[in-house]
Amino acid sequence: MLRLPAFELARPRTVEEAVGLLAEHGDRAAGLGGGTDLVPNMKHKLVTPEVVVSLAAIPELGGLAVAEDGTLVIGAMCPIAKLAAEERVGAGWPAVAQAASLIASPQLRNSGTLGGNVMLDTRCRWLNQTFFWRKSLGFCLKKDGSECHVVSGGSRCVAAASNDSAPALMSVGASAVFVGPDGRRELALEELWSTDGVRNKRCEPAELLVEVRVPPTAAGHRGAYGKLRDRGSIDFPLLGCAVRLDLDAAGAVLDADAVLVALQARPARLRGCAELVGGTTPGSPEFAAAARAVAERAGRKARPLPNVPGDAEYRHAMVPVLVRRTLEAAGAGGGPVHPL
Amino acid sequence: MRVVTLRINGDEREIAVRDHWTLLEALRYELGLTGSKQGCDKGDCGACTVLVDGEPTLACVTLAVLAEGREITTIEGLAPRHRASGGEGADPLQEAFDRCGALQCGFCQPGTLLSARALLDRTPRPDREAIRAALAGNLCRCTGYTQILEAIELAAGEAAGVEVPTPEWMADLRRAEGTSRP
């Protein structure tokens, strides 16, 4: 039995009211979306806010729409299940729909929100444990302690970004819209992350993520998401890979992108993907060779740590495998890649 | 404390709760509805699954206060709901679980049944892949799942008036029972 620490629940009805509450209470407040990340974290006393600001009664946050200019606008409180099931998302932004469909379990996708997955706290096998468990080890760098159990002597937290939606959204150039005490700002999702596992997002505590905007994809767009995890039914990623391929009218790759998650504190773009696969045609031996080259490059660059569950050596060996398979799936207009 | 009115299994129940109480705690310790099980208590195992507005939801990560105004169905509500719609006995899914031996310790069963009920309400004849996907958030440590899948196929088939092939193990069971009898 895991009891929640006591807090006061606020239920604002507007974004302005919510931001006001977050600004008023500062570090003593936390925003509550679907509760699938915050509630377990509170039960583990990783966060112990005095005021929890529920966003459930703010109707404007729950939307999922395609704007007139073709932009996909996902409200922060849009349930992940709704995003995964929306046909227009699957057709226009397949990597996003595939990633959403592989987040957690059906029940958690019903309650969990897209905004909550974007804002998911970093995870580590030494962190996401009960207070008793953590206390018995003298806590850790991220919470209550001063020692990192992943990197001996390490002074920087290496808890891993574990949000499947982030690489998928980054692969298609999404941006995040925040509202704070100083007004509204939109930034490319790429710019949101820092490399600090303690707090891997560059936003103020009083800033509220209100929506994610995804630009329209071109006619020749193909995308896929690949996810490696222990149990295919529920787990966070041991490794995640989102791929975007934009093809020209003749079917050759014009532009390409691959973004990885669960390796470090931030989701990271694999550089040089477009140069390697550009000009090749999915299904051809040239494309297959280019996909292998991208995969090898990803394997060389990746430095998996024993931060999330799963053997780091195994995860390292799987980096090129997952990257290659996800590239091939995207090329074939398929996916998701989920080897379980 | 605040007083909330929860709509549970068709009844309105007024209870006093603290802001930090989960729906699961309110169900089990305030309302005595102990059918919803407290397993991992952190959103992994699915033992606390209830239906909120028809959708499978984990009561252990849902705040009780935020469940106000929603239609909540727990395992205790399945048989009454079936009878209220003109049926007899328990929910056909419960009957099918019984006939197929789709449980051992029974701890996961309330949550599994509610996930299955939500699936059949939406998709009356799901294929096995759809059943597996719908039950992905309900962990069972005893059965190996096979009989759970068979029970859901049986209930769905019978509701549609279709004959469902008898699982192979059932013939073995009958044979074993026949030989062991004096």
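Quick note on labels: first sequence line is chain A, next is B, and so on, each numbered from 1.
A side-chain contact (heavy atoms from CB on, under 4.5 Å) with B:Leu58 is found for exactly one of A:Val39, A:Thr36, A:Leu108, namely A:Leu108.
At least one donor-acceptor pair under 3.5 Å links the side chain of B:Asp19 to the backbone N or O of A:Leu9. Listed for the A:Gln107 side chain is a donor-acceptor partner under 3.5 Å among the backbone atoms of B:Gly137.
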Any chance you could lay out the side-chain contact (heavy atoms from CB on, under 4.5 Å) test for A:Leu4 and B:Arg18, step after step, and finish with the verdict?
CA-CA 11 Å; A:Leu4 276 167; B:Arg18 302 277 306 274; over 6 Å; no
Derivation of the side-chain contact (heavy atoms from CB on, under 4.5 Å) call for B:Glu25 and A:Arg3
CA-CA 9 Å; B:Glu25 288 163 346; A:Arg3 299 301 308 271; 2.7 Å; yes
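Other residues, nucleotides and ligands place no more than 12 heavy atoms under 6.0 Å from the CG atom of A:Asp27. The local environment of CZ in A:Arg13 is sparse, with at most 12 non-hydrogen atoms from other residues, nucleotides or ligands closer than 6.0 Å.
Heavy atoms of B:Ala118 lying under 4.5 Å from chain A are absent altogether. At a 4.5 Å heavy-atom cutoff, the contact between A:Leu32 and chain B is made by side-chain atoms alone. Residue contact with chain A, scored on non-hydrogen atoms closer than 4.5 Å, is absent for B:Arg132. Residue contact with chain A, scored on non-hydrogen atoms closer than 4.5 Å, involves the backbone and the side chain of B:Glu55 alike. Looking at A:Arg11, only its side chain comes within 4.5 Å of chain B, counting heavy atoms on both sides. For B:Leu63, the part lying near chain A is the side chain, with the backbone staying farther off; criterion is any non-hydrogen pair under 4.5 Å.
Using a 4.5 Å heavy-atom cut-off against chain A, the contacting residues of residues 39-49 of chain B are B:Cys40, B:Asp41, B:Lys42, B:Gly43, B:Asp44, B:Gly46, B:Thr49. Contact annotation for residues 45-58 of chain A against chain B (heavy-atom separation below 4.5 Å, listed by residue number): A:Ser54.
By number of non-hydrogen pairs under 4.5 angstrom with chain A, the leading residue of B:Thr62, B:Val52, B:Asn138 is B:Asn138.
Here the shortest heavy-atom pairing between B:Ala133 and A:Pro106 reads O-CG, 3.3 Å.
Separating the OG atom in A:Ser111 from the CG atom in B:Leu66 is a distance of 10.5 Å, to the nearest 0.5 Å.
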